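Just so it is clear, the model here is predicted, and its values are computed rather than measured. We count ligands from 1, going down the list as the structure has it; atoms in each ligand are counted the same way.
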Amino acid sequence: MTENLFKNTIQYLEKAAQALNLDERNLENFKKPKCVLKFLLNIKMDNGKSKIFCAYRVQHNNDLGPFKGGIRFHPVVNLEEMKALSLMMTLKNAIVDIPFGGAKGGVKVDPLKFSKKELENLSRAYVRTFYKYIGPKKDIPGPDINTNPQIMAWMVDEYSKINGKKVLASFTGKPLELGGLKERDSATAQGGVYVLEGVLKRIKRRRKNLQVAIQGFGNVGSNVAKILYKKGYKIIALSDARGGIKITQKEGFNPFKVEECLKAKGLIANCYCAGNVCEVPNKQQVITNQELLQLPVDILIPAAIENQINKGNTREIKAKIILELANGPTTAEADEILNQRNILVIPDILANSGGVVISYFEWLQNINNEYWSGKEVLKKLNQIMTKALNEAYKLSEKRQTDLRTAVYILALQRLSVN
Ligand code: NAD
């Protein structure tokens, strides 16, 4: 999966490089990481025996500031994936103009088979092994797939023990009581909404009653649904991996009620919640994920997985704007077709970068020994996301390119790849 994501990123990067007339050798050099670290971790298991796991940290680029990127625990973690993801982190940070570079780490392991104690042993071992290479001014890891605030808490504790004093700024994504940041959970969705509203302002569309379809109702999808609902957008379709629902009445979905219903019933397709009432949907109200993507809406938000908008379905897409909150929801081939059809795509690398911005805030808060209020966090997030959008939008007008190409050009310029 990451392979496709990386392939698309490289294609977009090369398109931007071409527009900038970049020297090919410079671009090839830029793609390579500055440092690749691979160690074996020896972990004590609950049965008293030890097991060995392969662990990585790839540091791609620190021209703009310390390396920054998550650590994932997953059975398919591998070096190529780490390299690709670290490059993508460099680009994301550059786009939102954050003084961080890009990195990624991981352990090839199935953490779902681990007890809590074994997970703690693994997390602490990772820090002991990579200690020399990480730190608040060198490389700041954060959570990623299968790593969470509890794991970050163990990691900070281990780092602090070796260091001899508490170093909260060594990791981000920590629990609130350990220097974590308020509003973190909804930051990606909230950042996406700031960018969307910046676009609407530029194209002079009023938000009220704009019709929205959202694919995926996890962290990002449910949060964006709630934020948009509160602002007066009309949510007309929602889905999860098992299927979706579409509205057949005047009133839109109430995502707060859908969320409550989902907890009880487990499936979006059982939660037709318009207004305050939840019912089991009828046949006309149940849709597939493919049907959701093809609805005639103002705004389509893919917030689930990769490659959902592809060569096979692009011509059926009827949305006017696509806000890519998932990573890589559109293939490069599909992207060309969307551009030809004048569908405005707000690219993932900008739209979902609220998460990286919030990590920077957490680091800043810890470095300066401050505690930011939720209001402060959102105000600053809005400023950064809107500034990035405005810069990319202006660039796209100046160079007569789509927004995605403009965003990649912006990153290459900031990183002085020329
Ligand atoms: P999540 O696991 O919380 O939710 C994913 C949702 O997508 C679930 O509702 C799931 O049922 C649905 N889904 C899974 N497979 C599907 C399929 N085949 N068709 C339709 N729906 C499907 O994940 P998340 O954290 O909300 O992340 C969603 C996307 O956003 C991912 O692409 C992720 O990489 C990207 N993203 C997330 C963050 C973040 O802060 N969580 C930041 C940047 C990017």
Side-chain angles (χ1 to χ4, degrees), residues 1-2 4-6 8-9 68-70 72 74 81 84-85 88-89 91-93 95-96 102 104 112 142-149 152 172-173 180-181 183-193 195 213-227 237-246 255 258-259 261-263 265-271 286-295 300-310 312-313 322-331 346-362 381 385:
M1 278 209 305
T2 314
N4 269 338
L5 188 58
F6 186 53
N8 286 338
T9 305
K68 174 88 191 87
R72 57 176 59 178
H74 197 275
E81 178 190 63
L85 293 169
M88 288 163 81
M89 277 302 291
L91 294 170
K92 265 198 191 185
N93 283 322
I95 287 163
V96 282
K104 205 78 188 184
L112 305 179
D144 198 81
I145 296 174
N146 292 330
T147 50
N148 55 26
M152 295 303 115
T172 60
L181 201 74
E183 304 292 343
R184 185 178 179 98
D185 289 347
S186 58
T188 300
Q190 185 64 70
V193 171
V195 172
I214 303 170
Q215 185 196 36
F217 200 74
N219 174 302
V220 177
S222 65
N223 276 305
V224 78
K226 288 187 277 186
I227 297 166
L238 293 168
S239 73
D240 60 21
R242 317 253 291 274
I245 40 173
K246 79 166 179 200
V258 173
E259 189 172 58
C261 168
L262 191 60
K263 278 185 193 140
K265 301 203 171 158
L267 274 188
I268 286 278
N270 284 338
C271 295
V286 173
I287 53 170
T288 62
N289 267 293
Q290 277 309 309
E291 286 166 339
L292 180 142
L293 295 173
Q294 295 168 17
L295 288 172
L300 172 64
I301 307 185
I305 54 166
E306 293 158 27
N307 303 333
Q308 292 302 290
I309 302 172
N310 48 49
N313 64 8
I322 299 178
L323 177 70
E324 293 185 339
L325 290 187
N327 276 320
T330 309
T331 65
I346 308 177
D348 51 1
I349 203 155
L350 169 67
N352 69 26
S353 59
V356 301
V357 176
I358 219 87
S359 298
Y360 169 60
F361 291 167
E362 183 176 335
L381 179 64
M385 300 303 294

Atom 19 (N) of ligand 1 within contact range, any protein heavy atom under 4.0 Å: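 Yes; the ligand atom in question has protein heavy-atom contact below 4.0 Å.
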Protein heavy atom under 4.0 Å of atom 25 (O) of ligand 1: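 Yes, there is one.
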Please write down residue, atom name and distance for the protein heavy atom closest to [atom].
| atom | answer |
| --- | --- |
| atom 10 (C) of ligand 1 | Ala241 N, 3.9 Å |
| atom 23 (O) of ligand 1 | Asn219 N, 4.5 Å |
| atom 34 (O) of ligand 1 | Asn327 ND2, 3.1 Å |
| atom 40 (O) of ligand 1 | Thr188 OG1, 2.8 Å |
| atom 37 (C) of ligand 1 | Val220 CG2, 3.5 Å |
| atom 31 (C) of ligand 1 | Ala304 O, 3.2 Å |
| atom 9 (O) of ligand 1 | Phe217 N, 2.9 Å |
| atom 6 (C) of ligand 1 | Gly218 N, 3.7 Å |

Side-chain touch [X]/[Y], heavy atoms, less than 4.5 angstrom:
| X | Y | value |
| --- | --- | --- |
| Leu295 | Ile287 | yes |
| Phe361 | Leu381 | yes |
| Lys246 | Glu291 | no |

Numbered atoms of ligand 1 (with element) below 4.0 Å of Leu325, judged on heavy atoms: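 Counting from 1, the qualifying ligand atoms are 30 (O), 35 (C), 36 (N), 44 (C).
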Ligand 1 atoms in contact with Asn289 (distance to a heavy atom under 4.0 Å):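 In order of numbering, the contacting atoms are 19 (N), 20 (C).
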Side-chain donor or acceptor of Thr288 paired with backbone N/O of Gly243 under 3.5 Å: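 Answer holds: no.
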Flag, side chain of Glu362 to backbone of Gly173, donor-acceptor distance under 3.5 Å: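 Indeed, once roles are kept as given, a pair shorter than 3.5 Å links the two residues.
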Side-chain donor-acceptor pair present, [X], [Y], cut-off under 3.5 Å:
| X | Y | value |
| --- | --- | --- |
| Thr172 | Lys68 | yes |
| Asn327 | Asn352 | yes |
| Gln190 | Glu183 | no |
| Gln294 | Asn313 | no |

Option with minimal heavy-atom separation from atom 44 (C) of ligand 1, where the choices are Thr288, Asn352, Val224, Asn307: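 Looking at heavy atoms only, Asn352 sits closest to atom 44 (C) of ligand 1.
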Residue portion contacting ligand 1 (non-hydrogen atoms closer than 4.0 Å) for Gln215: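 Under 4.0 Å from ligand 1, Gln215 contributes side-chain atoms alone.
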Structural part of Pro329 in contact with ligand 1, heavy atom criterion under 4.0 angstrom: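 Pro329 to ligand 1: no contact under 4.0 Å from either part.
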Test side-chain contact (heavy atoms from CB on, under 4.5 Å) applied to Asn307 and Asn8, step by step: CA-CA 10 Å; Asn307 303 333; Asn8 286 338; 4.1 Å; yes
Sub-4.0 Å heavy-atom contact, Gly216 with ligand 1: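 Contact check Gly216 vs ligand 1: positive.
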